[in-house]
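For the numbers below, each heavy atom of this structure counts, side chains included, while hydrogens, waters and symmetry mates do not. Here is how names work: the chains are called A, B, and so on, in the same order as the sequence lines, proteins then strands, and each is numbered from 1.
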Amino acid sequence: MGDLAAEKHAKYILLVEKRKDDVESVLMEHLRINGAYWGLTTLDILGKLEAVEQERVVSWVMSCQHESGGFGGSEGHDPHVLYTLSAIQILALFDKIDVLDIDKVSSYIASLQNEDGSFSGDIWGEIDTRFSYVAICSLALLHRLDRINVEKAVKYIISCKNLDGGFGCTPGAESHAGQIFCCIGALAITGSLHYVDKDLLGWWLCERQVKSGGLNGRPEKLPDVCYSWWVLSSLIMIDRVHWIDKEKLVKFILDCQDTENGGISDRPDDAVDVFHTYFGVAGLSLLEYPGLKAIDPAYALPVDVVNRIFLR
Amino acid sequence: MSEADPFGYTEPSSLLYRLEFLLESDPLIDEVGFIHPSQFAALSDMSGSPSLSSMSMELQLADESKLKASPVNPTDMDFWSRDHKLGISTQAIHPLYNAAKHAFSSSFKQYKLLINLHAKRVGLDGDNVSNASSLATLECEVMKHSRALLLLSCDFGTAWNCRKEVVSKKQNIMLYLDELVVSTLVLSYSPKSERAWSHRRWVVKMIAGKCTNLQEILKNESELAQRIAEKSKMNYRAWNHRCWLVSYMPESQVIDELIKYRDWAGLHVADNSCFHYRTRLLTRTLADSFYKQDLKASHVHTAEVCQLWKEELSWSKILIKRYIGREALWLYRRFIAMCWIKHFAARMGGTHVESFVDNELQLFRSCTTVPDNVFEDYQSQAMFAATYIMWLIKQMDERQGVETREKVGEELEKVLNEVCPEKAFLWDLMTKKNGDLI
């Protein structure tokens with residue numbers, strides 16, 4: 001195991017941005033704004049955000065906004081809350097939230113809350129606790145949580161809690177570490193973590209650590225670097241991170257690096273991508289790896305960015 | 001090529017035109033895949049007729065010898081089709097995607113323009129007839145191009161959305177059901193496509209209450225999820241869809257599903273999602289029996305549900321003993337045991353809870369011997385058995401918990417010390433002083 005190849009990872013991300021006409025990149029254009037958020041946040045944690053042309057990125061982000069106020073994954077694509085959060089997060093990284101018509105964006109998000117407190121992802125009505133998180137996180141970053149019924153939103157999230165202590169995407173759905181992150185993140189942002197049985201959930205989350213030190217997202221699955229973020233951030237938010245073997249997890253993440261060309265993969269020796277590079281670096285940041293900016297486990301943004309928004 | 005058609009897709013020779021033609025000529029195509037150009041030769045050897053242009057209709061009509069003698073476009077290196085399966089060359093993906101995206105966007109733009117125009121003009125002039133016919137043509141174009149696009153990029157949300165828009169304007173059940181077919185085709189090459197699964201839920205929500213055969217549709221949905229789960233292991237999206245269906249199922253179907261798919265679960269003992277599905281179904285049986293408490297049928301019904309839970313408990317024990325060290329099986333037992341204690345044993349009164357727990361302690365003890373270390377499965381079995389009992393102790397009411405830990409506390413500690421001394425969280429939970437643990 002070597003050290004974190006920080007320089008190479010930064011180079012890799014900048015290169016991916018340049019190759020946006022490659023077929024792999026073209027086929028993913030519907031979620032390009034998520035990719036931009038993953039890449040830019042990684043660069044910021046690595047202390048390399050100045051390598052990016054800020055103005056060009058900001059104007060591209062704004063070109064993805066739809067007349068409804070929501071954002072699409074690329075220019076001309078339909079809006080969805082998932083892409084709207086990424087847009088807000090990217091603008092937050094550059095301290096540019098003020099370019100938004102905040103009331104318009106908040107109205108779009110607030111309009112997607114349903115009677116039972118849940119959120120639809122867009123006008124077509126699919127419901128998922130991920131959308132609850134995205135809506136709550138977005139509105140908190142915009143200082144507009146008062147636009148929704150927070151109490152009902154929390155109640156809906158709690159209704160998705162399973163007997164094993166975890167959460168799924170709708171009531172009765174299987175517990176999944178990614179969904180747990182969303183539910184715990186939303187409860188943390190709204191100050192509602194007292195509804196969670198921390199020992200029981202912590203137990204389930206710790207059972208995700210496998211022999212190699214990596215974390216899986218569900219029982220019987222292989223470990224995957226992205227769960228270094230989903231599981232770890234949840235454990236931090238419920239104050240149970242001392243329950244896992246952090247050293248072994250650091251080693252697992254570092255073993256997933258491409259030390260020649262940069263980038264991090266899901267498991268050792270697999271192909272790298274921006275998604276896993278972000279989750280690997282963000283996971284290491286949560287594990288206080290030296291040389292990395294600290295990241296906030298609920299907002300998934302560097303702590304200094306979050307402070308700039310809330311302590312201003 | 002005109003400006004509206006820079007990729008020339010209206011030319012019969014263009015990739016997109018050919019793809020759409022193939023899809024239309026064989027509506028029974030049920031599987032799509034991508035083929036590397038080097039694989040085309042092998043496929044042609046196999047079939048004797050490599051080209052998609054020799055459509056399946058011909059395949060059905062012609063006998064083998066005739067097939068070999070009819071090489072319709074044998075040099076086709078972009079598409080391959082036979083027996084209602086469609087292969088697309090990996091080299092064609094990029095140009096096809098560009099063409100499909102362009103064709104989709106421009107036809108959808110025109111469609112929206114016309115819809116707006118139509119909305120404004122309704123009832124005002126006599127243009128309606130010609131408008132209606134061009135609207136029908138555009139709808140057809142939008143549906144054709146969005147389908148082609150989704151076969152290349154399964155989560156292209158805007159394409160799924162436009163289909164919803166067109167179909168919901170028509171309010172025709174058959175058109176809704178066609179959307180299930182398109183979604184199935186996309187799932188055949190991308191079984192985890194989130195948008196394809198969510199499109200199905202949209203269809204079910206739209207037709208629920210409006211069609212007479214909802215139960216049959218739900219049954220088909222459940223079977224599809226199972227078929228896909230068979231090929232794509234522990235596919236969260238597929239199982240999630242299946243769990244979502246449960247709230248629409250009548251009680252009889254819930255029980256049918258539990259019984260019908262028990263054998264399948266027994267053959268997939270490492271599939272946590274499949275056991276979670278059973279968790280979801282069993283939870284529904286509890287809700288129904290509570291609901292019916294006031295009715296006359298209640299007594300019989302409760303007995304039936306009780307029997308079902310009993311069978312599930314003994315079946316789970318058989319699996320645990322047969323398949324050593326399977327996490328999913330132990331987690332499932334945590335759920336059924338806890339519900340059994342709370343909803344059945346505790347209500348029966350007497351010593352029902354105590355004797356149930358004693359049985360579980362016996363199960364624990366019988367699983368803690370580690371005869372060899374060859375596959376580490378016996379250690380896992382011992383660890384899961386110990387954490388199972390710990391978990392029950394934490395979830396029971398306080399008095400039961402105290403009693404149980406007095407009986408078995410030391411044994412648990414010994415086992416954990418042997419098989420997983422490094423698990424910090426277990427030791428922390430073991431020694432917690434807040435009254436609910438050992």
(message) Does B/K205 have more than 12 heavy atoms from other residues, nucleotides or ligands lying within 6.0 Å of its NZ?
(response) yes

(request) Under the side-chain contact (heavy atoms from CB on, under 4.5 Å) rule, what do B/H94 and A/L27 come out as? Steps first, then yes or no, please. (result) CA-CA 8 Å; B/H94 200 166; A/L27 289 173; over 6 Å; no

(request) Considering only NZ, NE, NH1 and NH2 on the basic side and carboxylate oxygens on the acidic side, decide whether A/D197 and B/K394 come within less than 4.0 Å. (result) yes

(message) In this structure, is the centre-to-centre distance between the rings of B/F156 and A/H77 below 6.0 Å?
(response) yes

(request) Could you tell me which of A/I244, A/I123, A/L200, A/T170 has the largest number of non-hydrogen atom pairs under 4.5 Å with chain B? (result) A/L200

(request) Measure the OG1-CG distance between B/T279 and A/N162 for me, rounded to the nearest 0.5 Å. (result) 8.5 Å

(message) Looking at chain A, which one of B/E422, B/Q395, B/K423, B/R326 has the largest number of heavy-atom pairs inside 4.5 Å, strictly under?
(response) B/R326

(message) Please identify, among B/H199, B/M234, B/R280, B/M338, the residue contributing the most non-hydrogen atom pairs under 4.5 Å to chain A.
(response) B/M234

(message) Using heavy-atom distances under 4.5 Å, tell me whether A/E24 contacts chain B through its side chain, its backbone, both, or neither.
(response) neither

(request) To the nearest 0.5 Å, tell me how far B/E194 CD sits from A/D128 CG. (result) 7.0 Å

(request) Tell me, out of A/G172, A/G202, A/G72, A/S175, who's got the most heavy-atom pairs with chain B below 4.5 Å. (result) A/G172

(request) Identify the two heavy atoms, one from A/H30 and one from B/D155, that lie closest to each other, and give their separation to 0.1 Å. (result) CD2-O, 3.2 Å

(message) Assess the residue pair A/E174 and B/N240 against the criterion (side chain to side chain donor-acceptor pair (under 3.5 Å)); give the C-alpha distance rounded to whole Å, side-chain angles, the decisive distance to 0.1 Å, and a yes or no.
(response) CA-CA 7 Å; A/E174 184 186 0; B/N240 184 49; over 6 Å; no

(request) Give a yes or no on whether a salt bridge exists between B/E327 and A/R208, defined as a side-chain N under 4.0 angstrom from a carboxylate O. (result) yes

(request) Let me know if B/D271 has heavy atoms under 4.5 Å from chain A in its side chain, its backbone, both or neither. (result) neither

(message) Can you give me the closest heavy-atom contact between A/V26 and B/Y97, atom names plus distance?
(response) CG1-CE2, 3.1 Å

(request) Go through the atoms of A/H80 and report whether side chain, backbone, both or neither lie under 4.5 Å from a heavy atom of chain B. (result) side chain

(request) Heavy-atom distances under 4.5 Å only: say whether A/P171 touches chain B with side chain, backbone, both or neither. (result) backbone

(request) Could you look at A/D245 and say if it's the side chain, the backbone, both or neither that has a heavy atom under 4.5 Å from chain B? (result) neither

(message) Just so I know, are the side chains of A/K221 and B/Y236 near enough to count as touching, which here means a heavy-atom distance under 4.5 Å?
(response) no

(request) Could you look at A/E207 and say if it's the side chain, the backbone, both or neither that has a heavy atom under 4.5 Å from chain B? (result) both

(request) Fit a plane to each ring of A/W124 and B/W202, take the angle between them on a 0 to 90° scale, and name the class: parallel (under 30°), tilted (30 to 60°) or perpendicular (over 60°). (result) perpendicular

(message) Tell me which of these, B/S198, B/S105, B/C243, has more heavy-atom pairs under 4.5 Å with chain A than the rest.
(response) B/S198

(message) Please determine whether the number of non-hydrogen atoms from other residues, nucleotides or ligands lying under 6.0 Å from atom NZ of B/K109 exceeds 12.
(response) no

(request) May I ask you to check whether over 12 heavy atoms, not counting those of A/K152, lie within 6.0 Å of atom NZ? (result) yes

(message) Counting neighbours of NZ on A/K155 that are heavy atoms of other residues, nucleotides or ligands and sit closer than 6.0 Å, is the number greater than 12?
(response) no

(request) Report the distance from atom CH2 of B/W160 to atom CG of A/D122, rounding to the nearest 0.5 Å. (result) 14.0 Å

(request) Begin with the C-alpha distance, continue with both residues' side-chain angles, and end with the deciding distance and a verdict on side-chain contact (heavy atoms from CB on, under 4.5 Å) for B/D428 and A/W243. (result) CA-CA 8 Å; B/D428 220 17; A/W243 276 0; 2.5 Å; yes

(message) Give me the atom names and distance for the closest heavy-atom approach of A/P219 to B/L331.
(response) CG-CD1, 3.3 Å

(message) Whether B/E376 and A/K211 form a salt bridge (side-chain N of Lys/Arg under 4.0 Å from carboxylate O of Asp/Glu) is what I want to check.
(response) yes

(message) If I compare all heavy atoms of B/H276 with all of A/A173, which pair ends up nearest, and what's the gap?
(response) NE2-C, 3.3 Å

(message) If you compare all heavy atoms of B/T387 against all heavy atoms of A/W203, which two are closest, and at what distance to 0.1 Å?
(response) O-CZ2, 3.7 Å

(request) Check A/L163 against B/W391 and note the closest heavy-atom contact, atom names and distance. (result) O-CZ2, 3.5 Å

